[in-house]
Colleague: 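One structure follows; several queries about it will come next.
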2 protein chains.
Amino acid sequence: MSTAEETADGEPQPWAEVTPDAARRLLVAAVEAFAERGYHATTTRDIAGRAGMSPAALYIHYKTKEELLHRISRIGHEKALDILRTAAGREGSPAERLADAVSSFVRWHAGGRTTARVVQYELDSLGPDARAEIIALRRRVDAEVRTIIEDGVAAGDFDVPDVPGTTLAVLSLCIDVARWFNVTGPRTPEMVGDLYADLVLRMVGAGT
Amino acid sequence: MSTAEETADGEPQPWAEVTPDAARRLLVAAVEAFAERGYHATTTRDIAGRAGMSPAALYIHYKTKEELLHRISRIGHEKALDILRTAAGREGSPAERLADAVSSFVRWHAGGRTTARVVQYELDSLGPDARAEIIALRRRVDAEVRTIIEDGVAAGDFDVPDVPGTTLAVLSLCIDVARWFNVTGPRTPEMVGDLYADLVLRMVGAGT
DNA sequence: GGGCACTCTAAGCGCTCGCTCAGTATCGGG
DNA sequence: CCCGATACTGAGCGAGCGCTTAGAGTGCCC
């Protein structure tokens, strides 16, 4: 059985780094279950069942249920940070880079809504140490967006009275997509990404 | 003991309608616990303990733990809808009404973050019937904002290519305040309300 | 003062939870 | 042909869950 980068279930696989195969199956099952019911309402029996294994098998690959959430959260945040860094590092005007960052960030939240939900909304279910690690990653996400906005202000392209506040609002807008986006709804991730890129450019006062 | 509209704990009391007194104390305790830990991670023993009562006392006033969440969710949504309706019904230009609606809606989410968190993020913990009732209330919230934006477009004050999408984004932005707002942080609810009203006016293309 | 309605508690029932452990199947190396 | 290592299962432990029940305390009407 070869491990492809994409599976047929619509969700791209950013979990190729998780080995062995059984550990990845458990992790993918946990992402689905956490996204559907929330961390606390999900049982280890449910996770193992979705992965086609007995409840005890989970504990061969993970020490606790919380370790599963921790792993999911870290990998997810690293992927989100990677997306923003790629967009921020591209050539082009601040407006182009901001639009690119927002649309790709939104596409990730909409298309991988299952993962994004767990990553963005189950932070409080982690213990103090794991939470601190994730919060550090979030600060780097924030810095990435803030830098683009600062570049735009410095270049005279943007009109932003409150850079930290606007950065917060832009990220908040993107992240909340994971809450309301519906795969069976009328909008594709691409449509929402384009709409949001336009709205954010308006927010920073960049004329189209 | 007189029942004032406000208590000393910083959170205004929209729970005056809940009687008798013991039922209200239980409900306020449940709001705090649900906001801190989430619905599923909160135990009925914890709620009763916060209200200074035995675990069994909860079941004199509420049939189940879910009924508590349902009551909180309905009252909260009615309050949110009320805030938007008041702002939408005032006299003034569409821009003034939209700014008013956004700033007051945001102030409610930031100032009453404890309540807003439960109201906005625990919807999935309700059963099908209760959830359907709450979703109906949300549609009315959406309609309230959409009407203001449509008025602005009709009057030629706003430039909005996608009215439903922009409505969704505006509400999403406001609601997510309940996720990130920190009472001990640098911003007051009023500051966030003003900032967000400005950002939303930019989103709809209304010149300041 | 007796009866009743209301409010609350102590105790605990049945259940499911996260997690453990003894034992089994499989397989490559000697 | 046996060995130990690896991956997994069946059974179940102690704990804590939502919720119930029997009964006690309190105040109000007659």
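So that the names make sense, note that chain A is the first sequence line, chain B the second, and so on, each numbered from 1.
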Colleague: Any side-chain N or O of B:His61 less than 4.0 Å from the OP1 or OP2 oxygen of C:dC6?
Modeller: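 Checking C:dC6 against B:His61, no side-chain N or O comes under 4.0 Å of OP1 or OP2.
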Colleague: Between the side chains of A:Glu122 and A:Ser125, is a donor N or O closer than 3.5 angstrom to an acceptor N or O?
Modeller: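 Side chains of A:Glu122 and A:Ser125: pair found under 3.5 Å.
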Colleague: Could you pull out the closest heavy-atom pair between A:Ile149 and A:Phe158, with the gap in Å?
Modeller: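 So the minimum-distance heavy-atom pair works out to O-CD1, 3.6 Å.
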Colleague: Whole Å only: how far is the OH atom of A:Tyr59 from the C1' atom of D:dC13?
Modeller: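 Spelled out: OH on A:Tyr59 to C1' on D:dC13 is 13 Å.
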Colleague: Quickly work out the B:Met53 CE to C:dC8 C1' distance and round it to whole Å.
Modeller: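 The distance from CE of B:Met53 to C1' of C:dC8 comes to 7 Å, rounded to the nearest Å.
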Colleague: Quick one: A:Lys65 NZ to C:dG18 P, roughly how many Å, whole number?
Modeller: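 Distance check: A:Lys65 NZ to C:dG18 P gives 4 Å.
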Colleague: Give the rounded distance in Å between these two atoms: CG of A:Asp46 and C1' of C:dC19.
Modeller: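 Rounded to whole Å, this separation is 16 Å.
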Colleague: Could you tell me whether B:Thr43 contacts a base, only the sugar-phosphate backbone, or nothing, with contacts defined as non-hydrogen atoms closer than 4.0 Å?
Modeller: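 Sugar-phosphate contact only - B:Thr43 comes under 4.0 Å of backbone atoms but never of a base.
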Colleague: Figure out the CZ/P separation between A:Arg45 and D:dC13, and round it to whole Å.
Modeller: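 So the CZ-P distance, A:Arg45 to D:dC13, works out to 13 Å.
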Colleague: Are OP1 or OP2 of C:dG18 and a side-chain N or O of A:Thr44 less than 4.0 angstrom apart?
Modeller: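 Yes, A:Thr44 has a side-chain N/O under 4.0 Å of OP1/OP2 on C:dG18.
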Colleague: D:dT21 C1' sits how many Å from B:Leu58 CG, rounded?
Modeller: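 Rounded to whole Å, this separation is 16 Å.
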Colleague: Would A:Lys65 count as a cation-pi partner of A:Tyr39, with NZ or CZ less than 6.0 Å from the six-membered ring centre and within 45° of the ring normal?
Modeller: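 The answer is yes, since A:Lys65 meets both limits relative to A:Tyr39.
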Colleague: What is the distance, to the nearest angstrom, from the OH atom on A:Tyr39 to the C1' atom on C:dC17?
Modeller: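 Taking OH of A:Tyr39 and C1' of C:dC17, I get 12 Å after rounding.
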Colleague: If each of B:Ala56 and A:Lys63 is mapped to the nucleotide of DNA chain C with the nearest heavy atom, which maps nearer the 5' terminus, i.e. the 5' end?
Modeller: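 Taking each residue's closest nucleotide, the earlier one in sequence belongs to B:Ala56.
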Colleague: Whole angstrom is fine here: how far is it from CG in A:Leu26 over to C1' in D:dC8?
Modeller: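 Atom CG in A:Leu26 sits about 11 Å away from atom C1' in D:dC8.
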Colleague: For the pair A:Glu66 (side chain) and A:Gly127 (backbone), establish whether a donor and an acceptor sit closer than 3.5 Å, ignoring hydrogens and angles.
Modeller: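 Checking the backbone N and O of A:Gly127 against the side chain of A:Glu66, a donor-acceptor pair under 3.5 Å is found.
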